[in-house]
Amino acid sequence: MRLRARAAWLVLPATALLLVFFFYPIATIVWRSFTEPRTGLGNYTALLHDGVSVKVLVRTLVTALIVAASTLVIAYPYAYAMTRVGARARGVLTMIVLLPFWTSLMARNFAWYMLEQRGGPIERLLGAVGFDGVVLLGTVPGVTLAMVQVMLPFMVLPLYSGMEGIDRRLLDAAGSLGAPRWRAFARVYLPLSVPGVLSGFSLVFIMTLGFYITPALLGSPQQSLVSQVIGERVNRLLDFGGAGALGGVLLAVTLVVLFAVSRVARPARALGGAVGHE
C-alpha cells in the first residue's frame, strides 16, 4: 500500500499538468462546439450542409493516409537496415534520422517553399524531363510531398524500436526448415514488425491530420486542409463553435485510430496467425 501511495504521489504532478494543459482545453473546445452560438448539434449539422467542410475533411483524411503510407514505404527498409548494420553505421543512420529535429521546422518549410515555387528547382527539374509548367506550391501534392519529409523521422523511430526487438534466430529457424529467405521474411519477420508499423503509421497519420505549419505555408485557400479551416474560423470569422466542431471531428477520428491500433494482436499472436495459415 505504501508503494502504491508513493507511486500515486509521483504521478500526481504529471496528471495535474495533463488535466490543466491538455484535457481542460480539449473539454473547452468540445463544450463550445455544442453551445456556441446556440446549444445543440447545430455546428455539427452545419458541417454536413455547408458544402465545404465535408470536402475538406475527406481531403485531409486522404492526405494523411498518403503521407503515412509514403513514409512507411520509405522508412521500412531504412529502419530494417538500421537493425542489420554495425554499431558505427547504425549511429550514422540514427544521426541522419535525428538531424531534422536539430533544424527549425519553419526553416524546413521555407526550404520547401523555395523548392516548390514557380521557377524553382522542382519545376525546372520536371521541365527538363518533359513536364513543363508543373508548380507544386499551393497544391495538395506539394503539401503532401513536404509533409512526407517532415514526418519521416516519426515513422523511422517507431519502426526501428519495434524491429530491434525481433529475434533474428527465428529467421534462421525458418531457413533450417527449408523456407527461402523471402518466405521467412514474409511469414516470420514481417508479422513480428506489425506493431512497429502500426505505431509509426498511426503516429504519422494522427499528426498529419492536425498539422498546421506546412499546409498554411505551402497550401492554398482553395485546397485547404482542416487545420487551415480551423485557423480561419478562429482568427478571422471568430466562429469558435464551428472550429470546435471540426476539432471535435478530428478528435473522434484520432480516438478511433488509437482504439483500432490498441485492438491489434501482439507480435506473438501475429506470428501465430501467420504460421496458422501455412
Side-chain angles (χ1 to χ4, degrees), residues 8 11-69 105-106 109 138 140 143-144 146-147 150-151 154 158 198-264:
V11 174
L12 185 60
T15 304
L17 286 174
L18 285 175
L19 289 174
V20 173
F21 296 106
F22 184 74
F23 290 105
Y24 175 73
I26 289 179
T28 302
I29 292 172
V30 174
W31 174 259
R32 284 190 166 189
S33 71
F34 288 103
T35 58
E36 294 185 11
R38 291 179 297 275
T39 303
L41 299 175
N43 290 315
Y44 292 91
T45 304
L47 296 181
L48 300 176
H49 298 92
D50 61 10
V52 176
S53 298
V54 174
K55 293 181 181 178
V56 172
L57 286 170
V58 172
R59 185 185 300 131
T60 303
L61 289 172
V62 172
T63 301
L65 284 172
I66 293 174
V67 171
L105 180 60
M106 188 65 70
N109 281 285
V140 174
V143 172
T144 303
M147 281 204 289
V150 171
M151 295 295 176
F154 297 100
L198 291 174
S199 297
F201 192 93
S202 59
L203 177 62
V204 172
F205 179 78
I206 290 171
M207 291 183 66
T208 304
L209 282 179
F211 210 69
Y212 178 75
I213 296 177
T214 302
L217 185 62
L218 304 179
S220 67
Q222 292 75 24
Q223 300 186 47
S224 299
L225 300 184
V226 167
S227 58
Q228 295 168 266
V229 175
I230 292 177
E232 288 292 320
R233 290 196 173 193
V234 170
N235 296 323
R236 295 191 179 185
L237 303 179
L238 301 181
D239 182 13
F240 296 103
L246 279 171
V249 172
L250 284 185
L251 177 62
V253 173
T254 300
L255 294 176
V256 169
V257 171
L258 292 176
F259 176 78
V261 171
S262 68
R263 303 296 296 177
V264 172

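These numbers come from a predicted model, not from an experiment. Heads up: numbering here begins at 1 and tracks the sequence. Keep in mind that the numbers below use all heavy atoms, side chains included, and drop hydrogens, waters and symmetry copies.
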Restricting to pairs with a member in [range], which pass salt bridge (Lys or Arg N to Asp or Glu O under 4.0 Å), not counting sequence neighbours?
range	result
residues 18-28	none
residues 202-225	none
residues 14-34	Arg32-Glu36
residues 237-254	Arg233-Asp239

**OP:** Not counting sequence neighbours, which residues clear ring-ring contact (aromatic ring centres under 6.0 Å, His included) with Phe240? List them please.
**Re:**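 ring-ring contact (aromatic ring centres under 6.0 Å, His included) list for Phe240, sorted by chain: empty.
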Show me, pair by pair, the donor-acceptor contacts under 3.5 angstrom made by side chains of residues 55-69, not counting sequence neighbours?
from: Arg59; atom 1: NH1; to: Ser224; atom 2: O; distance (Å): 2.7
from: Thr60; atom 1: OG1; to: Val56; atom 2: O; distance (Å): 2.8
from: Thr60; atom 1: OG1; to: Val226; atom 2: N; distance (Å): 2.9
from: Thr63; atom 1: OG1; to: Arg59; atom 2: O; distance (Å): 2.7

**OP:** Tell me, please, which residues at least two apart from Leu255 pass side-chain contact (heavy atoms from CB on, under 4.5 Å).
**Re:**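 For Leu255 the side-chain contact (heavy atoms from CB on, under 4.5 Å) partners, ignoring immediate neighbours, are Leu251.
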Original post:
Which pair of non-hydrogen atoms, one from Val257 and one from Ser202, has the smallest distance, and what is that distance?
Top reply: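 Shortest heavy-atom separation between Val257 and Ser202 comes out as CG1-CB, 3.9 Å.
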Original post:
Among pairs that include at least one residue of residues 213-232, which meet ring pair (Phe, Tyr, Trp, His ring centres under 6.0 Å), considering only residues two or more places apart or in two chains?
Top reply: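 Matches after skipping sequence neighbours: none remain.
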Original post:
Which pairs count as ring pair (Phe, Tyr, Trp, His ring centres under 6.0 Å) when at least one residue sits in residues 25-45, sequence neighbours excluded?
Top reply: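 Applying ring pair (Phe, Tyr, Trp, His ring centres under 6.0 Å) to every pair that reaches into residues 25-45, excluding sequence neighbours, yields Phe34-Tyr44.
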**OP:** Return the set of residues passing salt bridge (Lys or Arg N to Asp or Glu O under 4.0 Å) with Arg236 (not counting sequence neighbours), or none when no residue passes.
**Re:**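 By the salt bridge (Lys or Arg N to Asp or Glu O under 4.0 Å) rule, Arg236 matches Glu232.
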Subject >> side-chain hydrogen bond (donor to acceptor under 3.5 Å, both in side chains) pairs, two or more places apart, involving residues 204-223 >> reply: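 Passing the test, one end in residues 204-223: Asn109-Thr214.
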**OP:** Report yes if the side chains of Met147 and Leu225 come closer than 4.5 Å at any heavy-atom pair, otherwise no.
**Re:**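 With C-beta onward as the side chain, the pair touches.
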Going by atom type alone, with no hydrogens or angles, which donor-acceptor pairs under 3.5 Å involve a side-chain atom of residues 15-28 and a protein atom two or more places apart or on another chain?
from: Thr15; atom 1: OG1; to: Val11; atom 2: O; distance (Å): 3.0
from: Thr28; atom 1: OG1; to: Tyr24; atom 2: O; distance (Å): 2.9

